[in-house]
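Remarks on the structure that follows.
One is the number of the first residue; the rest follow in order along the sequence.
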Amino acid sequence: FILDGRIISGTLKVGDKVIVLPNQDKGTIKDLLYDEENITEARAGDHVSLTLRGVNKENLQPGMVISSLSDLPSVPKQITCRILLLEGKKLLTPGTIFALHCGTAQVAARVTNILEIERASPKHKKTRRKIHGRITFAFPGELIKIEIEPLEAIVVEPYKEQPALGRVVFRDMGQTVAVGVVLTIQ
């Protein structure tokens, strides 16, 4: 079977030992193809096709990341993001569950905390939102900092370290409700 994707950073070579994340399958690069031509090495930015030896085809899904064993990307339990809630959508509260998209990966995620309202909606600037010192909701059109908990494993990185794995989209019932970037991971 052949896999397709873009190399985000570093290089891949035929014979490299790699790991597929987030499921942790290990394998070896058997073949690399660029524009249907066999190559021995590919660099960041290249869109390549490759075959892996030692990886079960049934365990692979869109959005998985292939990495060298020496420089693993993160599969965090907690993610802090800066997001823009899009206009016309519903309020965001801790406990809200939505589809988190990063690249082609998609998992369910829960808002655990609204940390800060960085830019409040002009029509809601004076609305009281704190109970016991915690922000309880955010309105559409606001730029906020939140903590989320992925309910399944997903590979993400802080935007400043790896932009391609640091952009996120939040969707609910097929509609995009927010866009943002990953600030920190734990």
TODO: Kindly compute the distance separating CG (Leu100) from CD (Gln106), expressed to the nearest 0.5 Å.
DONE: 9.0 Å
Open item on the list: With a 4.5 Å cut-off on side-chain heavy atoms, are Leu21 and Pro73 touching?
Closed with: yes
Task: Straight-line distance of Ile39 CD1 to Leu12 CG, nearest 0.5 Å - done: 9.0 Å
- [ ] Determine, using the 4.5 Å side-chain heavy-atom cutoff (strictly less than), whether Phe98 and Ile154 are members of one ILVMFWY cluster.
- [x] yes
TODO: Could you give me the CA-CA distance, side-chain angles and deciding distance for Leu92 and Ile144, then say whether side-chain contact (heavy atoms from CB on, under 4.5 Å) is met?
DONE: CA-CA 10 Å; Leu92 182 90; Ile144 61 174; 3.5 Å; yes
Open item on the list: Working note: Val177 + Val169, criterion side-chain contact (heavy atoms from CB on, under 4.5 Å); need CA distance, chi angles, decisive distance, verdict.
Closed with: CA-CA 8 Å; Val177 295; Val169 174; over 6 Å; no
- [ ] Could you state whether Val55 and Leu3 fall into the same hydrophobic cluster, counting links through intermediate Ile, Leu, Val, Met, Phe, Trp or Tyr residues with side-chain heavy atoms under 4.5 angstrom apart?
- [x] yes
TODO: Ignoring hydrogens and angles, tell me if any N or O in the side chain of Ser68 forms a donor-acceptor pair with the backbone of Leu72 under 3.5 Å.
DONE: no
Open item on the list: With a sphere of 6.0 Å drawn around CZ of Arg134, does it hold more than 12 non-hydrogen atoms of other residues, nucleotides or ligands?
Closed with: no
Open item on the list: Under a 4.0 Å threshold between the charged nitrogen and the carboxylate oxygen, would Glu142 count as salt-bridged to Arg129?
Closed with: yes
TODO: Looking only at non-hydrogen atoms, find the nearest pair between Pro140 and Ser121 and report the distance.
DONE: O-CB, 4.1 Å
- [ ] Could you verify whether a donor N or O on one side chain and an acceptor N or O on the other, from Ser74 and Glu157, lie under 3.5 Å apart?
- [x] yes
Task: Evaluation steps, side-chain contact (heavy atoms from CB on, under 4.5 Å), between Leu85 and Phe139 - done: CA-CA 7 Å; Leu85 290 172; Phe139 290 103; over 6 Å; no
- [ ] Any chance you could measure Asp16, atom CG, to Ile29, atom CD1, to the nearest 0.5 Å?
- [x] 5.0 Å
Task: Nearest heavy-atom neighbours spanning Glu87 and Gly141 - done: OE2-CA, 3.2 Å
TODO: State the SG-NZ distance between Cys81 and Lys145, to the nearest 0.5 angstrom.
DONE: 11.0 Å
Open item on the list: Can a side-chain donor-acceptor contact be found between Asn23 and Asn59 if the only test is distance below 3.5 angstrom?
Closed with: no
Task: Point-to-point distance, once rounded to the nearest 0.5 Å, from CD1 of Ile135 to CD1 of Ile131 - done: 12.0 Å
Task: same_hphob_cluster(Val65, Val156) at 4.5 Å side-chain heavy-atom cutoff - done: no
Open item on the list: Consider side chain to side chain donor-acceptor pair (under 3.5 Å). Of Thr112, Thr184, Asn113, which one does Thr80 pass it with?
Closed with: Thr184
TODO: Evaluate the side-chain contact (heavy atoms from CB on, under 4.5 Å) criterion for residues Leu32 and Tyr34: first the C-alpha distance (whole Å), next the side-chain angles of each, then the deciding distance (0.1 Å), finally the verdict.
DONE: CA-CA 7 Å; Leu32 272 173; Tyr34 184 80; over 6 Å; no
Task: Heavy-atom side-chain proximity of Arg110 to Leu151 below 4.5 angstrom - done: yes
Task: Salt-bridge present (Glu118, Arg82; N to O < 4.0 Å) - done: yes
TODO: Check the side chains of Thr28 and Arg53 for a donor-acceptor pair under 3.5 angstrom, ignoring hydrogens and angles.
DONE: no
Open item on the list: Taking the side chain as everything from C-beta on, heavy atoms only, tell me whether Tyr159 gets closer than 4.5 Å to Val168.
Closed with: no
Open item on the list: Would you say Leu69 ends up clustered with Ile66 if hydrophobic residues are merged whenever their side chains have heavy atoms under 4.5 Å apart, either directly or through other cluster members?
Closed with: no
- [ ] Looking only at non-hydrogen atoms, find the nearest pair between Cys102 and Ala164 and report the distance.
- [x] SG-O, 4.4 Å
- [ ] Kindly work out whether a path of hydrophobic side-chain contacts (I/L/V/M/F/W/Y, heavy atoms less than 4.5 Å apart) joins Leu165 to Ile79.
- [x] no
Open item on the list: Once rounded to the nearest 0.5 Å, what's the spacing between atom CD1 of Ile117 and atom CG of Leu143?
Closed with: 10.5 Å
- [ ] Taking all non-hydrogen atoms of both residues into account, name the closest pair between Phe137 and Leu91 and its distance.
- [x] CD1-CD2, 4.3 Å
- [ ] Would you mind reporting whether Lys77 and Glu149 have side-chain heavy atoms less than 4.5 Å apart?
- [x] no
Open item on the list: For Lys30 versus Val14, what's the shortest heavy-atom pair and its separation?
Closed with: O-CG1, 3.4 Å
Open item on the list: With a 4.5 Å cut-off on side-chain heavy atoms, are Ile146 and Leu115 touching?
Closed with: no
Task: Donor-acceptor under 3.5 Å (Thr51 side chain, Asp31 main chain) - done: yes
TODO: Verify the neighbour count for atom CZ of Arg43: are there more than 12 heavy atoms of other residues, nucleotides or ligands below 6.0 Å?
DONE: no
